[in-house]
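Below you'll find the structure, written out as structure tokens, and then a few comments.
If you're wondering where the values come from, they're calculated on a predicted model, not measured in any experiment. Chain naming here is simple, since letters A, B, ... match the order of the sequence lines and numbering starts at 1 in each. These numbers come from the heavy atoms of this one structure, side chains and all, not from hydrogens, waters or symmetry mates.
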2 protein chains.
Amino acid sequence: MTDIFTIGDAARESGVKVPTIRYYEEIGLLPPPPRTEGGRRAYGAEDLRRLAFIRHARELGFEIEAIRTLLQLQDDPAQPCAAADAIARDHLVTVERRIASLTALRAELQRMVEGCSHGHVATCRVIEILADHGACVHHAGGRA
Amino acid sequence: MTDIFTIGDAARESGVKVPTIRYYEEIGLLPPPPRTEGGRRAYGAEDLRRLAFIRHARELGFEIEAIRTLLQLQDDPAQPCAAADAIARDHLVTVERRIASLTALRAELQRMVEGCSHGHVATCRVIEILADHGACVHHAGGRA
DNA sequence: CTTGCTCCTCTAGTCGCTAGAGGAAGTAGG
DNA sequence: CCTACTTCCTCTAGCGACTAGAGGAGCAAG
């Protein structure tokens, strides 16, 4: 129950790399754990849970600052969850926009590679479309 | 025909910001233009075309190194366009992976916000799913 | 006791910009 | 011609979220 874990164990368990764990500690996302006599970090089960939470949230594309807020919410379960809900909703909107933008982009790239004459650059559709924004369907921009 | 443009003109024409143009020069994506007596950059029409090419390619999500290669290809229209085709194809694959990953993520986020009880954090679906990767449908990872 | 792994701290680099300081040059109006 | 304003110049530092490497210490197995 009160097992302790080295930073390497924690990395293996959580899937977060060792330097990244230290980085999370540095920016205050993960509390500094106690140290062994030799000065090594000694994590407990709670730290592993927190790391897993962070990792999962990062996988889902949440920014560090959003995760910081979510972790604070998690630490106080009596709070109303409106804030967490808002963060998730916000992120959902971002993700939807990103999908729309990438889908338009995919169409453009498909047009490019399908139109490629496999000849010389002078007649290459890829280069041509890149050179001439007018020939492009994309237009509906947004970060990819 | 042989109009000259200040860096500000170039920025307005191309939609690339002034410091970004200087940055592109610094990293060798845009050739250093001649200068006026007063030491200001004096661009020509060809530079504007190059900038538009870069901007469009960036909008489409190509990395700087890919654009560097594409520009070299464009500079020599006699070359076979296989390389340009390969870059576009590669990028298409990346984009498709990203779309797939984001689509899975969207489903996950929708599940989160729909399941939110709008009560307290203790019963919040958002927090719960983030804390427990097992409760997650996502799994098929990849960078968002 | 030595080999080899993991751990420690620290600094610097990645990518593609963006922001700001501090100063010179160009332009429009009086 | 003088002033005010804008644009330009160079330079350095910062962003987010890590990643890489140097140089050294601890620790477990053979």
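- Annotation: side chain of A:Arg58 is in contact with side chain of A:Ile64 (closest heavy-atom distance under 4.5 Å).
- Salt bridge status for B:Arg49 with B:Glu46: present, with a side-chain N to carboxylate O gap under 4.0 Å.
- At a threshold of 4.5 Å between non-hydrogen side-chain atoms, the residues A:Ile129 and B:His56 count as touching.
- Atom CD1 in A:Ile7 sits roughly 13 Å away from atom P in C:dT6 (whole-Å rounding).
- Every residue meeting the ring-ring contact (aromatic ring centres under 6.0 Å, His included) condition with B:Phe62, not counting sequence neighbours, appears here in chain and number order: B:His91.
- The side-chain hydrogen bond (donor to acceptor under 3.5 Å, both in side chains) search around B:Arg106 returns none, not counting sequence neighbours.
- Checking the phosphate oxygens (OP1, OP2) of C:dC8, a side-chain nitrogen or oxygen of A:Arg41 falls inside 4.0 Å.
- Sorted pairs that involve residues 5-46 of chain A and meet ring-ring contact (aromatic ring centres under 6.0 Å, His included), not counting sequence neighbours, are lacking altogether.
- Regarding B:Ile54, its CD1 atom lies at a distance of 10 Å from the P atom of C:dC17, rounded to whole Å.
- A:Arg98 has its side chain out of reach of B:Arg98: every pair of non-hydrogen atoms, C-beta onward, lies at least 4.5 Å apart.
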Side-chain atoms of residues 10-20 of chain B: list all donor-acceptor pairs with protein atoms under 3.5 Å, sequence neighbours left out, distances to 0.1 Å.
from    : atom 1 : to      : atom 2 : distance (Å)
B:Arg12 : NH2    : B:Asp9  : OD1    : 3.2
B:Ser14 : OG     : B:Ala10 : O      : 2.7
B:Ser14 : OG     : B:Val16 : N      : 3.1

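- Classification of B:Glu65 and B:Arg68 as a salt-bridged pair holds, one side-chain N sitting under 4.0 Å from a carboxylate O.
- Considering only residues two or more places apart in sequence or on other chains, A:Glu63 meets the side-chain hydrogen bond (donor to acceptor under 3.5 Å, both in side chains) condition with none of them.
- Sequence neighbours left out, not one pair with a member in residues 97-121 of chain A passes ring-ring contact (aromatic ring centres under 6.0 Å, His included).
- Sorted by residue number, the members of residues 21-39 of chain B with any non-hydrogen atom under 4.0 Å from DNA chain C read B:Tyr23, B:Tyr24, B:Gly38.
- Within the helix from C:dC1-D:dG30 to C:dG30-D:dC1, the inter-axis angle between the opening and closing five-pair segments is 10°, rounded to 10°.
- Where DNA chain D meets chain B (any atom under 4.0 Å from a heavy atom), the bounding nucleotides read 5' to 3' are D:dT7 to D:dT10.
- Of the residues in residues 11-20 of chain A, not one places a heavy atom less than 4.0 Å from an atom of DNA chain C.
- Residues that satisfy the side-chain hydrogen bond (donor to acceptor under 3.5 Å, both in side chains) test with B:Gln72, not counting sequence neighbours, are absent from this structure.
- Under the side-chain contact (heavy atoms from CB on, under 4.5 Å) criterion, B:Asp75 pairs with B:Arg50, sequence neighbours left out.
- What separates CG of A:Asp9 from C1' of C:dC7 is a distance of 12 Å, to the nearest Å.
- Remark: C1' of C:dC15 and CD1 of B:Ile64 are 9 Å apart, rounded to the nearest angstrom.
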